[in-house]
Trainee: 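Sending over a structure as structure tokens; questions will come in a sec.
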2 protein chains.
Amino acid sequence: MPPRKPSVDPRRKPRQVRAELTRDRILTAAAHVFTEHGYAAGTTNRIAERAHVSIGSLYQYFPNKDAILAELMVRHIDRGAWHRADELDLAPGTLETVVRALVRDAVDNHQEDPRLLRIMIEQGQVSEELRTTLARHGARRLAEVRDVFSRHPDVRVRDLDAATELIVFTVELNTHRLVAFPQGLSMKTVENELVDMVTRYLSG
Amino acid sequence: MPPRKPSVDPRRKPRQVRAELTRDRILTAAAHVFTEHGYAAGTTNRIAERAHVSIGSLYQYFPNKDAILAELMVRHIDRGAWHRADELDLAPGTLETVVRALVRDAVDNHQEDPRLLRIMIEQGQVSEELRTTLARHGARRLAEVRDVFSRHPDVRVRDLDAATELIVFTVELNTHRLVAFPQGLSMKTVENELVDMVTRYLSG
DNA sequence: CCCTATTATGAGCATTTGCTCAGCTCTTCG
DNA sequence: CGAAGAGCTGAGCAAATGCTCATAATAGGG
């Protein structure tokens, strides 16, 4: 890492529409670049290039690289993007149907957002607010899934809370792996086996 | 990142005890440095310094920085993971017993150094060479586990290969999560539920 | 003790990356 | 129109980092 200055200097605040657009393009590009290359390899020059903006312009609006990530996080909070992303649409039916819906949901929503979020979290610069918000939302989602399970007549497990947590994470992690490394096994195969495993588990 | 050469050149293989020790010191130092500073900030010079070895020596045994992490990961995987595959084989019992052994194995193997583990996982998304190395070792392990499963009379699944892969990754990933981000649930609870899920899945 | 293969050294090269700055273009408004 | 300020540009600096290579030190069989 090159010059890491204090650089707490105030940056230009957009006064024309043009500038606002530039800022947005930079942020959008940054989101893409970070998700694609990771934080360290997501260089400011690369971001500027992707935004079709000169590095000079970039640094006119952000005092340093970290500030870009920070702004990205703020926007995430403001927009509540992940709220929608993880919304679950579980219709009642066979247990297998329900589980399959859960798996499909994970596959659908696990494309872009989670990776960026992971980068943000790993980078450690996460605000306390983001952390708690994420935690709260995660809990809410767990509760939703657990409710669906608890209402289903075929579900027979010792510890529903533990089971729900295990299942949600297992589905999520396997999906992540599939999306990240689309190796050997096909999406369909994995989906089927995942559904089988979870369904049999829940059935007792 | 400075010069990123192809660097597929063969490196010196230790022929004297002295060299073996040097290699070990480098790896040990690398583990510490990566743990302390993270991968990006864990510079090769810093590693060499901590190992009380010159960078020249470091590069005599490792073609590049990634290779050091790769070796660390290989050692991590190798350690214990299938020394016990034999035990599993020699002491066949209930399917549940076998599965529990598998889970315990993963837990034991990961209990040691959460921070390093996280780095390995996170960095795993980058280097192609690293990935193939891991893939090879992973494949070996998969084959062994699949063998154990295939020999057990109670195992009834459509696609043993797919099932094995799903199981191994699920066990591993859940263990990672538990160790790296310890949350509400206790180790014991998760172990039990994991065992239940996998056992029921395999039983068909 | 000597000779050769092996191992160790570290200054420095090549490259990368975060970031600056002098000067340019565009917008706005009297 | 035209001036002033807002916005934009990109060559390039300084620091950092991965890695090489010429050279020196050491080991161990003969």
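Every chain is numbered from 1, with letters handed out A, B, ... down the list of sequences. As a basis for the values below, the full set of heavy atoms in this structure was taken, side chains included, without hydrogen atoms, waters or symmetry mates.
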Trainee: Excluding sequence neighbours, so at least two apart, what forms side chain to side chain contact (heavy atoms under 4.5 Å, CB included) with B:H32?
Mentor: B:T28, B:R50

Trainee: Looking at B:R146 and B:D161, would you say the former's side chain and the latter's main chain have a donor-acceptor pair under 3.5 Å?
Mentor: no

Trainee: Could you tell me how far apart B:I47 (CD1) and C:dT9 (P) are, to the nearest whole angstrom?
Mentor: 16 Å

Trainee: Roughly how many Å is it from CG in A:L21 to C1' in C:dT27, rounded to a whole number?
Mentor: 14 Å

Trainee: Given D:dT17, is OP1 or OP2 found less than 4.0 Å from the side-chain N or O atoms of B:T43?
Mentor: no

Trainee: In whole angstroms, how far is the P atom of C:dG18 from the CD atom of A:E49?
Mentor: 13 Å

Trainee: Just how far, in rounded Å, is P of D:dC8 from CD of A:Q60?
Mentor: 7 Å

Trainee: Heavy atoms under 4.0 Å is the rule here; annotate nucleotides 21-30 of chain D 5' to 3' with B where the base is hit, S where only the sugar-phosphate is, and - elsewhere.
Mentor: B----BS---

Trainee: Rounding to an integer number of Å, can you tell me how far B:L58 CG sits from C:dT7 P?
Mentor: 15 Å

Trainee: Could you pick out which residue, B:R25 or A:R46, lies toward the 5' side of DNA chain C when each is mapped onto its nearest nucleotide?
Mentor: B:R25

Trainee: Just the rounded figure in Å: distance from P of C:dT9 to OH of B:Y61.
Mentor: 10 Å

Trainee: Distance check needed: D:dT17 P versus B:N45 CG, whole Å only.
Mentor: 8 Å

Trainee: A:D24 has an atom CG; how far is it from atom P of D:dG7, in whole Å?
Mentor: 14 Å

Trainee: Taking side chain to side chain contact (heavy atoms under 4.5 Å, CB included) as the definition, give me every residue that meets it alongside A:E20, ordered by chain and number, with sequence neighbours left out.
Mentor: A:P14, A:R23

Trainee: Sequence neighbours excluded, which residues qualify as side chain to side chain contact (heavy atoms under 4.5 Å, CB included) partners of B:V103?
Mentor: B:V99, B:V107, B:V171, B:E191, B:L194, B:V195

Trainee: List for me each residue that meets side chain to side chain contact (heavy atoms under 4.5 Å, CB included) alongside B:R18, sequence neighbours excluded, and say none if there are none.
Mentor: B:Q16

Trainee: Under the ring-ring contact (aromatic ring centres under 6.0 Å, His included) test, which residues partner A:F62, sequence neighbours left out?
Mentor: none

Trainee: So, is B:S54 close to the C:dT9 phosphate, meaning a side-chain N or O under 4.0 Å from OP1 or OP2?
Mentor: yes

Trainee: Looking only at the side chains, is there a donor atom on one of B:Y61 and B:D24 sitting less than 3.5 Å from an acceptor on the other?
Mentor: no

Trainee: With a cut-off of less than 4.0 Å, is there a side-chain N or O of B:T22 near OP1 or OP2 of C:dA8?
Mentor: yes

